[in-house]
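Proteins come first, then strands; the chains are lettered A, B, ... in the order of their sequence lines, and each starts at number 1.
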Amino acid sequence: MSAHPIQYVITANDFHSGAVVFWGGDAWLLRLRDACVFERAEDAEAMLTQFRPEQVVGAYVIEVVADAGQLQAQHIREAIRARGPSNYFHGKQAEEDHVSL
Amino acid sequence: MYRYNQFDTEYVRQRVAIFREQVARRIAGVLTEDEFKPLRLQNGVYLQLHAYMLRVAIPYGTLNARQMRALAMIAECWDRGYGHFTTRQNIQFNWIRLDDVGDILEALADVEMHAIQTSGNCVRNVTADHFAGAAKDEIEDPRMTAELLRQYSTGHAEFAFLPRKFKIAVTGAAHDRAVTAFHDIGINIVRKEGVVGYRIVIGGGLGRTPIIGTELVEFLPKADLLPYLEAVLHVYNRYGRRDNKYKARIKILVQELGIETLRAEIDAYFTATRDAFAGVPDAMLGAIEAAFQPPEMPPEMDVAEAYDLRHDAALSPALAAWMETNLEEHRDGRHAIVSISLKAPGATPGDASAEQMRVIADLAERYAYDEIRISHEQNVILPHVPKAHIAAVFRALDAAGLASANIGQLSDIIACPGMDYCALATARSIPIAQEIATRFTALKMERDIGALKIKISGCINACGHHHVGHIGILGLDRAGVENYQITLGGDGTEDAALGARTGPGFSAEALIPAIETILDTYLHGRKNRDETFLAFYRRVGMAPFKRALYPPTNRARHESAA
Ligand code: HEM
Ligand code: SF4
């Protein structure tokens, strides 16, 4: 386990593409590193009721840590969502920063 | 093969149109996600970790070249150039956009395919022996029965909202290649005093509560199949545990009511309603039987009868090795059944690229009477290949990376998508399969070990059939870290058995050495090469494996980790 404090980020899947997205503060973004970071889980949870349902599906809060300035998902599942699958170089790991949804 | 009739065609087209409209209403915000989700699931559309996933039914695993090419086209146009064949004879596309689903379903309808009833609490894709129509030990082609059930159960209003999903598998052969003992209903075509009928097994299943099915009827006359299954579904629909998702499968009902009570309920309904079916199945079956006639093979030829594959084998060791594992005897001595392995060591089990799908389609068309099968073991079958063309088929497969000579062996691993794709997963399964296959083929242990079925699931839902693997691996989540439980001695055939746990699980790093320990225990302990892993396990039991896996010095450490 990391010594860094646990922080919180909101994630969901884009409604049209199903792509993994993170709440960036005023828009849904594709990169975990661009996510809006909450210090307290309650603050992140409180946001969940605010989203427009035709944009994303299934928003929820995940735990992250900032390790050497890099946001990292705590759970392996979220790490895979943020990066892409292990068996192919597909998903976020293979995409340019400016991919469209 | 079976061709859609007017009704099928219209039904499938109509469903595409309805779904397009539903997507449009969801996009316009008229439908909420909660309202929309069951609608998309009814059309095989799931939301997975990275994208939408579309599950397409391949009824009883049968495809022709044109259909295979359509799957290749879908993979290329709307996915990332590949598809994943599953243990339920379906294909899944992992990177689908919701906006594209209408077009994809349309492309499927063009080749008489669909994604209907590949999800939800209904009768799912009916599966069958992948050697159907070619197997030497077959009493009757199980696909005729499967097609009858497909027609009967598709869109059946009474059974659209069962307590839970309902899976049926059919085999027509003595050797059960369709895992029938682990389905809600398993149908074995049997012959009794010269008459062909059905032995019906009920309440088998894997998942959270693995259970071997119980015999419900020893011999059911063929004409009674539909009224009898209707009675089963009716009783299940009425008494199934809708209050608890985990207890809602028919297997739990069988356990709770007891087979005698359940049988009495079913018989009562059957007796009362059977007359309503008079004549219907006969008419349906006649049309279906005509569609499943064996392909027109060349007339008897002495030369073909005498074609001796040993000549081919002598010319190429690679071909000889492949023939040893990937060919099966055909009922017509001039032909062989070819299994095309989708398990190149290091590759993802069950995945085929669009290019590979086209190679298979071309071969089927050129040499194999345009017939292709998908097996529940995630491989592709050419059921009827003239022996004279085995060498040519091998060379073409080899050039496409499809000639792995490993059917039924260590690297022919079943693995579900696991946490790399699946939203329900608790651990990854694909990398484990890749590692096992790569490591032990590099050690050249595979041939020596011989027949071995390793099956891996990424959660207790058991899509990877781990309970019936000779070696089963179940990926779990222990405080956010992947942990793998091993079971031994499972068997999905007519000698059905559930694997037994070795003991505490293993971390991803400790898993491969543990598998090596298991294999070494077998190799050092077996009587001779003819004693397979499963036979060895049945003879010696778990004890020697336990001793080797958890030596006393390590035991304390393992137990604290558990
Ligand atoms: C069952 C007995 C059969 C025998 C003994 C047989 C034998 C042969 C022989 C001797 C040739 C010419 C040699 C060659 O070019 O390789 C040939 C060619 C061919 N046969 Fe057959 N054949 C049989 C069945 C079939 C069937 C059922 C099909 C298709 C479903 C088929 C498809 C072909 C094709 C496409 C060729 C062209 C050869 C090529 O370019 O690969 N054959 N066959
Ligand atoms: S077994 Fe679990 S992880 Fe694997 S595909 Fe099924 S639900 Fe997903």
Atom group of [X] that falls short of 4.5 Å from chain A, counting heavy atoms:
X	result
E482(B)	side chain
I27(B)	both
A423(B)	both
L49(B)	both

Any side-chain donor paired with an acceptor under 3.5 Å for Y46(B) and R55(B)?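 Distance-only check passes for Y46(B) and R55(B).
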
Going by side-chain hydrogen bond (donor to acceptor under 3.5 Å, both in side chains), name the residues that satisfy it together with D103(B), two or more places apart in sequence or in a different chain.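 Only R20(B) meet the side-chain hydrogen bond (donor to acceptor under 3.5 Å, both in side chains) criterion with D103(B).
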
Sidechain-backbone polar pair: K92(A) side chain, V20(A) backbone, donor-acceptor under 3.5 Å: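 Yes.
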
Would you say N94(B)'s side chain and H84(B)'s backbone share a donor-acceptor pair under 3.5 angstrom?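 No; zero donor-acceptor contacts below 3.5 Å.
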
Answer yes or no for R428(B) and Y421(B): cation-pi contact, defined as NZ/CZ to six-membered ring centre under 6.0 Å and angle to ring axis within 45°.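 No - R428(B) does not lie over the ring of Y421(B) by the 6.0 Å and 45° rule.
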
Side chain / backbone / both / neither for N13(A) at chain B, heavy atoms under 4.5 Å: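 N13(A) touches chain B through side-chain heavy atoms alone.
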
